[in-house]
Amino acid sequence: MVEVLNPGELEQGLAALRGWTGDVHGITRTVKLPSFPAALAVVARVGEAAESMDHHPDMDIRYRHLTFTCCTHAAGGLTDLDLRLARMIDEIVADATADQPANH
Ligand SMILES: C[C@H](O)[C@H](O)[C@H]1CNC2=NC(N)=NC(=O)C2=N1
């Protein structure tokens, strides 16, 4: 059973990520993509990564703005799985917005 992170582990985990905020109940990041199709493409890529990990984020898409929220429902809070998923999301977003300074 994966364990919920303590506040120190949360702080350490957030420091290794890009633009995420939250607490031991979950973390969230909002990014702006160059277009709506680009946002949809990121959703598809994150979906593939989530399926490969069997760990899924909540995703809210509003035109070019995408908000990701990660928490481990089975554990009732933030676990290392969420930090790993957030890192994968950061890589996908960085690749999709390489020439957009806003998300770096
Ligand atoms: C059966 C399947 O492994 C579980 O339902 C997985 C699916 N994806 C998941 N995603 C997240 N974020 N939390 C979970 O507890 C979780 N559980």
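As the structure lists them, so they are numbered: ligands from 1, and atoms in each ligand from 1. Only heavy atoms go into these numbers, but all of them, side chains included; no hydrogens, no water, no symmetry mates.
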Side-chain polar contacts of residues 40-49 - donor-acceptor pairs under 3.5 angstrom, sequence neighbours left out - could you list them?
unit_1: Arg45; atom_1: NH1; unit_2: Asp95; atom_2: OD2; d: 2.7
unit_1: Arg45; atom_1: NH2; unit_2: Asp95; atom_2: OD2; d: 3.4

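For atom 17 (N) of ligand 1, no protein non-hydrogen atom is found at a distance below 4.0 Å.
Looking only at distances, a side-chain donor or acceptor of Glu9 sits under 3.5 Å from a matching main-chain atom of Asn6.
In this structure, Ala50 does not count as a contact residue of ligand 1, since none of its heavy atoms falls inside 4.0 Å of the ligand.
Of all protein heavy atoms, the one lying nearest to atom 14 (C) of ligand 1 is His73 N, 3.7 Å. Given atom 4 (C) of ligand 1, the protein heavy atom at minimum distance is Asp54 OD2, 4.3 Å. His56 ND1, 2.8 Å is the protein heavy atom nearest to atom 8 (N) of ligand 1.
Each of the following atoms of ligand 1 lies closer than 4.0 Å to a heavy atom of Cys71: 11 (C), 12 (N), 13 (N).
In this pair, Trp20 and Phe68 present their aromatic rings tilted. The plane angle is within the 30 to 60° band.
No path of Ile, Leu, Val, Met, Phe, Trp and Tyr side chains, each step under 4.5 Å between heavy atoms, connects Val4 with Leu14, placing them in separate hydrophobic clusters.
Partner of Cys70 under the side chain to side chain contact (heavy atoms under 4.5 Å, CB included) criterion, out of Ile89, Thr79, Leu17: Ile89 alone. Leu5 pairs in a side chain to side chain contact (heavy atoms under 4.5 Å, CB included) with only one of the listed residues (Ile27, Leu78, Thr72, Asp23), which is Leu78.
In terms of polar-atom proximity, defined here as any N/O pair under 3.5 Å, Ala74 does make such a contact with ligand 1.
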